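As structure tokens, the structure follows; a few thoughts come after it.
Chain identifiers are assigned alphabetically (A, B, ...) following the order of the sequence lines, protein sequences preceding nucleic acid strands; residue numbering begins at 1 within each chain. Just so you know, these numbers come straight off a predicted model, no measurement behind them.
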Amino acid sequence: MQKLSTQPYKGTRDFLPEEMSVRTQIFEKLHRTVETYGFRRYDGPILESAAIYEAKSGEEIANQQLYRLVDKGGRELALRPEMTPSVARIIAGNAEQIVFPARWYCNVNCHRYERPQRGRVREHWQVNVDIFGSEEVEAEVEIFDLVGDLMAALGATPDMWIFRVNDRVLVEGALRNFVGVPQDKLVGVGMAIDRWEKVDQETRHQTLTELGLGAEQIGKLEELVQMDLTAYGKVAGDEALSRSKLAKIVREGLSQAPLKFDPLVMRAFTYYTSTVFEVFDASPENRRSIFGGGRYDDLASLFTTKKIPGVGFAVGDVTTWNFMEHHGLLPKPDLGPDIYVFGTSPDYRAAVRSVSRALRREGLRVEPALDDPNVRNGLKHANRLGAKYVVMIADEEFKVNSAVVKDMVGSTQQTLAFDAVPGFLKQALQAK
RNA sequence: GCGGCUGUAGCUCAGCUGGUAGUAGCGCCAGAUUGUGGUUCUGGAUGUCGAGGGUUCGAAUCCCUCCAGCCGCCCCA
């Protein structure tokens, strides 16, 4: 009979224990850092009503990248392509009982139907971090500082990454006042800015011309995207400048993160309303966005009349993995068992069980043999498992209620009474 | 959705212009080593050559279609 394929579905990945251990360690570093900022972890369903993505996520995601399905009751559902709409729904639905400002984070898998390639798959995991219910600039400062600390937690030094920031408030002001872009073309021109470095000048001109910009306006736009924050703020106009959180943060030096103003950072999600940022790999060979985020001041309006502003970002496992791998920062797999216990005869199984239980009471990672290998095979198996220590109960030792405790790394061994084994190994493993 | 490259042993791969698959490396099994793994040496096993079709006396090799992977485009995290 024809067997089914063992390959994971296109764009998805199996995580064998070695890889899972690396992924877990990466996320644990991120979680610990996020929690030092007072964030609380939540979770939510992978299935959502498709409608929540159609309004706010952006057309491309809703129309082409959404995994859609219809349940048996005819409801239009989708696998979440990102977490922000879900968390906005959860926040809006529970707003009466939530203490604002709320600092929430999660670790979820998201699905997007697209062509897999470097840094992009169909299922990825991300840590999603948001502060809800504050329009204060301090929310951005906290997020920016957190981003800096997250990168440090991954082992990244400042030269490895670039923290590009922009503010859509400034962009809109500048496009309106300096370039003279009409209201209904702001989004289109914004998208053109987003793609600025990815297309050649001719394509860019064509796009902008199609949006109704004249040669003089295009010239001004080209001037604009070269400006530093001071010049950009001036042409954006007083009103935009006074509303811009980014301008205030930079002017007053509120964040300790290495912010770099970049007029080309726009981000695709239509729901961002103010600050937007992207963390880039500084290495020329891996020059790509690792993650990004921004402020969205009316996302909850989909669910409630309450105004619940938010600012946040998501760190994905794929791009983070690529970054860490590229810079040699990936942690080594940390897999059990620390100790492999075996006896060479069925008569010793009770002793194997009882020693194993005693070791576990010390909190150690213990794997007892399920059979009775000879010395050679028992040690061989322990070696392949990567166990750091072996407890071996063989004929000579069993006679005197003892076991050989062998250090598999240092190749030293000693015979200890059963009672002495747990204390000895606990201390030995703590020392490592 | 579009384009490029790739698909041969468990893994990494060699296999020239078609002649019926490799003493390859790693891994695996066994022995040296009937109380010692990891190192070393010796021996051994393993393939529907991604799938289907076509050309040919003959296809891993050439052609077509499909599938999958990688990379890029579109777009996006």
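- In this structure, the separation between NZ on A/K380 and CZ on A/R376 is 5.5 Å, given to the nearest 0.5 Å.
- A/H124 comes within contact range of at least one nucleobase, with a heavy-atom separation under 4.0 Å.
- Backbone-only engagement by A/K10 is indicated by non-hydrogen atom pairs under 4.0 Å involving sugar-phosphate atoms exclusively.
- Between the C1' atoms of B/C62 and B/U56, the separation comes to 10 Å (whole Å).
- Put simply, OH on A/Y340 is 14 Å from C1' on B/U36, counting in whole angstrom units.
- Nucleotide B/A30 forms a Watson-Crick or G-U wobble pair with B/U42, both donor-acceptor distances falling under 3.5 Å.
- Figure legend. B/G22 is base-paired to B/C13; pairs are counted as Watson-Crick or G-U wobble with both atom distances under 3.5 Å.
- Between A/Y340 and A/H381, the two ring planes are tilted [angle within 30° to 60°].
- Checking B/C70, B/A68, B/C28 against every side-chain atom of A/Q7, the shortest atom distance belongs to B/A68.
- Between A/Q126 and A/R115, the residue anchored nearer the 5' end of RNA chain B, judged by the nucleotide with its closest heavy atom, is A/R115.
- For B/U6 and B/G15, the P atoms lie 12 Å apart once the distance is rounded to whole Å.
- The partner of B/U65 is B/A51, by the rule that a Watson-Crick or G-U pair needs both atom distances under 3.5 Å.
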*Go through A/R13 and A/E123 one step at a time and tell me if the salt bridge (Lys or Arg N to Asp or Glu O under 4.0 Å) criterion holds.*
CA-CA 8 Å; A/R13 297 156 294 158; A/E123 178 188 41; over 6 Å; no
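- Contact annotation: side chain of A/T344 to base of B/G35, donor-acceptor pair absent below 3.5 Å.
- If A/N383 and A/F291 are placed on RNA chain B by their nearest nucleotide, the residue sitting closer to the 5' end is A/N383.
- Remark: the A/R376 side chain and the B/U33 base include a donor-acceptor N/O pair separated by less than 3.5 Å.
- Spacing between B/A45 and B/U55 at atom C1', rounded to whole Å, works out to 37 Å.
- Using cut-offs of 30° and 60° on the angle between ring planes, the pair A/Y42 and A/W104 is tilted.
- Spacing between atom CZ of A/R120 and atom P of B/C76 amounts to 10 Å, rounded to whole angstrom units.
- At a threshold of 4.0 angstrom between heavy atoms, the contacts of A/Q117 include nucleobase atoms, whether or not backbone atoms are also involved.
- One interatomic measurement links the two molecules: CZ of A/F342 to P of B/U36, which rounds to 11 Å at whole-angstrom precision.
- At least one side-chain nitrogen or oxygen of A/R384 sits closer than 4.0 Å to the OP1 or OP2 atom of B/C29.
- Computed from coordinates, the A/R118 CZ to B/C73 P distance equals 13 Å when rounded to whole Å.
- Across all strands, A/A382 comes closer than 4.0 Å to no nucleic acid atom at all (heavy-atom distances).
- Evaluation of atom-type donor-acceptor distances gives no pair under 3.5 Å for the side chain of A/Q65 against the base of B/A77.
- Residue contacts shown for A/G410 are absent, as no nucleic acid heavy atom lies under 4.0 Å away.
- Going from the C1' atom of B/C66 to that of B/C26 covers 33 Å, rounded to whole Å.
- In this structure, A/V315 reaches neither bases nor backbone, as no heavy-atom distance under 4.0 Å exists between it and the strands shown.
- When the P atom of B/G37 is taken as reference, atom CG of A/L385 falls 16 Å away, rounded to whole Å.
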*Could you give me the CA-CA distance, side-chain angles and deciding distance for A/R122 and A/E114, then say whether salt bridge (Lys or Arg N to Asp or Glu O under 4.0 Å) is met?*
CA-CA 6 Å; A/R122 288 184 173 179; A/E114 57 186 328; over 6 Å; no
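- By the 30° and 60° cut-offs, the orientation of the rings of A/Y9 relative to A/Y67 is perpendicular.
- Under the Watson-Crick or G-U wobble criterion, with both distances below 3.5 Å, B/G3 is paired with B/C71.
- Between the base of B/C74 and the side chain of A/R195 there is no donor-acceptor pair shorter than 3.5 Å.
- Counting only heavy atoms from C-beta on, A/K380 has its side chain closest to B/A30 among B/G72, B/C75, B/A30.
- Ring-plane geometry between A/H31 and A/Y105 is classed as tilted, the angle between the planes lying from 30 to 60 degrees on a 0 to 90 degree scale.
- Annotation: B/C63 and B/C5 have their P atoms spaced 11 Å apart (nearest Å).
- One donor-acceptor pair, N or O on each side, does fall under 3.5 Å between the base of B/G35 and the side chain of A/E397.
- Atom pair A/N377:CG and B/G38:C1' shows a separation of 14 Å (rounding to whole Å applied).
- At whole-Å resolution of the value, CE in A/M191 and C1' in B/C76 are 11 Å apart.
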_With salt bridge (Lys or Arg N to Asp or Glu O under 4.0 Å) as the criterion, how do A/D149 and A/K29 come out once you've worked through the C-alpha distance, each side chain's angles and the decisive distance to 0.1 Å?_
CA-CA 10 Å; A/D149 283 350; A/K29 289 178 207 288; over 6 Å; no
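- Rounded to whole angstrom, the span from the CZ atom of A/R122 across to the P atom of B/C76 amounts to 17 Å.
- Within 4.0 Å of A/V121, counting heavy atoms only, lies at least one base atom of the nucleic acid.
- Looking at heavy-atom distances under 4.0 Å, A/E278 makes no contact with the nucleic acid at all.
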